[in-house]
Amino acid sequence: MRRSVAVLVPALAAAAFAAPAHADPVAACTELAGLAIPATAIGLPTSGGTVTAAQVTGTYCQVDAALHPVDPAAPDIRMRVALPAEWNGKALMFGGGGYNGTIPNVAGNVPFGPVDRPTPLARGYATFAGDSGHQASPTHVPATSLDGSFGVNDEAVHNFSGDALKKTRDAAMFVIAKRYSAPPSYSYFAGGSTGGREALAVAQRWPADFDGVISVYPAWNAASLDLFFGYEAQVLSQPGAFPNPAKQALLYRSVIQACDGLDGLRDGVISDETGCRFDPRVLRCPGGADTGDTCLSDVQIGAVKALSEPLRWKYRVASGERGYPGFPFLSGAAMTTPLLGMGTVAPATPMPTAAGYGVQFWDQWVRYFVTRDPGFDALTLDPRRPGPWQSRISELTALQDVNNADLGPFARAGGKLLLLHGTADELVSHRSTVDYFERVERTLGKRATDAFARFYLVPGANHANIGAAFPAAWDSLTALENWAEHREAPKAPVVTDAATGRTRPLCEYPTWPRYRAGDPATASSFSCAN
């Protein structure tokens with residue numbers, strides 16, 4: 001499918017692949033209902049699939065399908081394909097989030113996508129996504145993406161860990177070809193968090209399936225991150241260790257006050273995060289006791305420092321990972337998304353729904369993936385000394401740590417990678433993405449990596465891109481199109497603050513935007529410093 005004559009003449013290819021002008025779009029859509037998707041069309045074992053519904057929704061045909069498992073006890077993979085009436089000849093798959101369990105919005109945008117640009121579907125893309133092979137409880141509190149109960153089934157775990165990506169992609173290609181009588185000329189993948197892990201997974205495992213991927217704040221080493229979340233749960237559940245929201249806000253303000261101007265401008269954004277040398281002991285309460293919200297006790301300072309430092313475990317796991325790098329002080333502090341950071345209450349048993357997202361993630365992982373005992377007390381499992389659960393944890397790392405740094409097959413197939421991460425991320429440490437990208441560079445060499453990949457750290461951007469110091473917006477899809485289709489690599493890209501409209505240069509790692517002179521709201525007033 002890839003790099004056919006369509007690659008040489010993309011405009012003509014799009015016209016050739018568009019639906020015939022005389023076709024009845026309603027009939028062409030509704031006739032897909034009941035379509036059988038043969039198991040032979042899917043590159044991993046399934047029992048085939050069925051289009052369960054097909055209906056015209058505005059300017060596109062919405063196709064819902066179910067892919068059936070090999071294990072009768074496993075759930076279906078539920079997926080959705082949006083087929084525009086005016087197809088541009090291309091396709092885009094969206095990644096999920098958290099534990100998945102719901103189908104992402106196929107009419108939505110890519111992570112960090114600008115609101116003033118059309119979504120992929122509005123641009124004429126055939127878009128698709130799946131629920132990764134299980135259906136989250138709609139009543140799960142506080143979020144369906146925290147429902148890990150599917151982890152008791154092996155096939156469901158394998159699907160969530162990556163297999164569902166291939167199955168969904170292949171089934172979507174079958175449906176797209178049925179509708180338009182041709183495959184896409186180009187196919188892309190975009191996702192953030194779990195979806196960012198999925199973006200790297202498809203590049204690593206099926207390097208010829210996508211012409212380019214956009215991976216944003218990727219939880220690529222998901223099992224290792226779970227172990228860090230377990231450590232966080234143990235640290236913050238100790239008596240007096242949890243800094244309440246007021247103390248978290250104090251920590252955040254203090255870091256900003258100490259480090260904001262180091263990049264030449266006081267604007268609420270710390271551009272050189274690695275250059276920030278904040279010591280939380282300056283916030284120590286008199287005598288080290290907890291005397292109120294204007295300071296941190298000794299035990300709270302110890303907790304904050306522990307979570308900002310690397311975690312190492314002394315046992316071997318199948319993925320080969322040896323630890324997790326921890327979070328900057330900045331990202332652990334509460335912004336407008338406290339759930340994604342430390343939460344508003346301390347971890348406990350049972351795990352409170354107001355505790356941090358990460359410790360709730362750990363709770364689900366331990367009870368359903370590791371022990372497969374829903375009544376197990378996750379706080380009793382020490383991730384540094386897991387005892388009888390070490391073997392099971394090791395098995396899970398082999399599935400969920402998507403850590404193959406040899407992206408050579410993807411590059412040789414013509415694939416392009418755009419990798420982005422905000423330096424104020426509360427849930428997935430940008431240090432971890434730095435670690436992965438540096439492994440890629442060591443494996444392939446800097447020159448070879450530069451030929452197909454770009455990595456950008458975005459100062460002030462957080463995980464949800466809500467209430468951040470710099471809520472980032474960048475038209476990464478157009479940049480990816482230009483690179484994959486026209487061999488025009490990103491050159492001096494600019495990222496926009498979606499809240500204020502101010503702009504900054506999007507600097508390639510390891511550089512960061514330093515203010516020089518001029519209008520502080522304009523990217524041209526900054527240079528990328530190392």
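What you see is a predicted model, and the numbers here were worked out from it, not measured in a lab.
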Quiz item: Would the Tyr99 and Phe361 ring centres measure less than 6.0 Å apart?
Solution: yes
Self-check item: Pair Phe112 and Tyr217, ring centroids less than 6.0 Å apart
Solution: yes
Quiz item: Are any side-chain N or O atoms of Tyr436 and backbone N or O atoms of Asn404, one a donor and one an acceptor, separated by less than 3.5 Å?
Solution: yes
Quiz item: Is the closest side-chain heavy-atom distance between Ser525 and Arg516 below 4.5 Å?
Solution: no
Quiz prompt | Identified ring pair (Phe, Tyr, Trp, His ring centres under 6.0 Å) partner of Phe189 from the options Phe210, Phe410, Phe128 | solution = Phe210
Quiz item: Which of these, Thr496, Asp497, Val495, sits in a side chain to side chain contact (heavy atoms under 4.5 Å, CB included) with Thr503?
Solution: Thr496
Quiz prompt | Contact summary for Pro347 and Ser237, nearest pair of heavy atoms | solution = O-CB, 3.5 Å
Quiz item: If we ignore angles and hydrogens, is there a donor and acceptor under 3.5 Å between the side chains of Thr349 and Asp377?
Solution: yes
Quiz prompt | Parallel, tilted or perpendicular, as decided by the 30° and 60° cut-offs, for the rings of Phe327 and Phe228 | solution = tilted
Practice problem: Before giving the answer on side chain to side chain donor-acceptor pair (under 3.5 Å), spell out for Asn221 and Glu321 the whole-Å C-alpha distance, their side-chain angles and the decisive distance to 0.1 Å. | Solution: CA-CA 8 Å; Asn221 47 354; Glu321 295 299 315; 4.7 Å; no
Self-check item: Backbone of Gly341 reached by a side-chain donor or acceptor of Glu426 within 3.5 Å
Solution: no
Exercise. Begin with the C-alpha distance, continue with both residues' side-chain angles, and end with the deciding distance and a verdict on side chain to side chain donor-acceptor pair (under 3.5 Å) for Ser432 and Trp220.
Key: CA-CA 8 Å; Ser432 181; Trp220 60 271; 3.1 Å; yes
Quiz item: Within a strict 4.5 Å, meaning less than it, do heavy atoms of the Thr194 and Asn100 side chains meet?
Solution: yes
Quiz item: Is atom CZ of Arg281 surrounded by more than 12 heavy atoms (other residues, nucleotides or ligands) closer than 6.0 Å?
Solution: no
Self-check item: Contacts of Tyr125 that satisfy side chain to side chain donor-acceptor pair (under 3.5 Å) - sequence neighbours left out
Solution: Glu481
Exercise. Take Tyr515 and Ser271 through the side chain to side chain donor-acceptor pair (under 3.5 Å) test and state the conclusion after the steps.
Key: CA-CA 9 Å; Tyr515 178 69; Ser271 293; over 6 Å; no
Practice problem: Output yes when a side-chain donor or acceptor of Thr397 lies under 3.5 Å from a complementary backbone atom of Ser319, and no otherwise. | Solution: yes
Quiz item: Does the Asp211 side chain pair with the main chain of Tyr188, one donor and one acceptor, at a distance under 3.5 Å?
Solution: no
Quiz item: Between the main-chain N or O of Phe369 and the side-chain N or O of Arg392, is there a donor-acceptor pair closer than 3.5 Å?
Solution: yes
Quiz item: Any side-chain heavy atom of Leu225 within less than 4.5 Å of one from Val428?
Solution: yes
Quiz item: Any Lys/Arg nitrogen of Lys446 or Asp450 sitting under 4.0 Å from an Asp/Glu carboxylate oxygen of the other?
Solution: no
Self-check item: Ser394 side chain vs Ala318 backbone, donor-acceptor pair below 3.5 Å
Solution: yes
Quiz item: How about Val304 and Leu251: do any of their side-chain heavy atoms sit closer than 4.5 Å?
Solution: yes
Quiz item: Between the main-chain N or O of Gly101 and the side-chain N or O of Asp147, is there a donor-acceptor pair closer than 3.5 Å?
Solution: no
Exercise. Measure the spacing between CH2 of Trp365 and CG of Leu146 and express it to the nearest 0.5 Å.
Key: 15.5 Å
Quiz item: Just how far is it from atom CG of Asn530 to atom CD of Glu508, taken to the nearest 0.5 Å?
Solution: 11.5 Å
Exercise. Classify the side-chain pair Asp425/His430 by whether it contains a donor and acceptor separated by less than 3.5 Å.
Key: no
Quiz item: Between Ile301 and Leu283, is any pair of side-chain heavy atoms under 4.5 Å apart?
Solution: no
Quiz item: Thinking salt bridges, do Arg205 and Asp209 make one under a 4.0 Å N-O criterion?
Solution: no
Quiz item: Taking only residues two or more places apart in sequence, or in another chain, which ones meet Pro118 in a side chain to side chain contact (heavy atoms under 4.5 Å, CB included)?
Solution: Ala122, Arg123
Quiz item: What residues form a side chain to side chain donor-acceptor pair (under 3.5 Å) with Tyr509, not counting sequence neighbours?
Solution: Glu438
Practice problem: Kindly indicate whether the side chain of Val434, heavy atoms from C-beta on, has any atom under 4.5 Å from the side chain of Leu457. | Solution: yes
Quiz item: Does atom CZ of Arg312 have more than 12 heavy-atom neighbours from other groups under 6.0 Å away?
Solution: yes
Quiz item: Taking the side chain from Gln360 and the backbone from Thr353, do they hold a donor-acceptor pair closer than 3.5 Å?
Solution: yes
Quiz item: For the rings on Tyr231 and Trp362, is their centre-to-centre separation under 6.0 Å?
Solution: no
Quiz item: Any donor and acceptor pair, going by atom type alone, linking the side chain of Asn462 with main-chain N or O of Ile466 inside 3.5 Å?
Solution: yes
Practice problem: Show your reasoning for whether side chain to side chain donor-acceptor pair (under 3.5 Å) applies to Asp290 and Ser297. | Solution: CA-CA 5 Å; Asp290 190 345; Ser297 68; 5.0 Å; no
Quiz prompt | Side chain to side chain, Gln300 and Phe242, heavy atoms closer than 4.5 Å | solution = no
Self-check item: Heavy-atom check, side chain of Val402 versus side chain of Gln204, under 4.5 Å
Solution: yes
Self-check item: Ion pair Arg431/Asp435, N-O distance below 4.0 Å
Solution: no
Exercise. Please answer whether the main-chain N or O of Leu121 pairs with a side-chain N or O of Thr127 as donor and acceptor at a distance below 3.5 Å.
Key: no
Quiz item: From Leu200 CG over to Leu417 CG, what is the distance, rounded to the nearest 0.5 angstrom?
Solution: 6.5 Å
Quiz item: What is the distance from atom CG of Leu396 to atom CG of Asp226, rounded to the nearest 0.5 Å?
Solution: 8.5 Å
Exercise. State the OG-CG distance between Ser224 and Asn403, to the nearest 0.5 angstrom.
Key: 7.5 Å
Exercise. Would you indicate whether Arg316, at its atom CZ, is surrounded by more than 12 heavy atoms from other residues, nucleotides or ligands within a distance under 6.0 Å?
Key: no
Practice problem: Would you give the length of the straight line joining atom CZ of Arg277 to atom CG of Leu262, rounded to the nearest 0.5 angstrom? | Solution: 10.0 Å
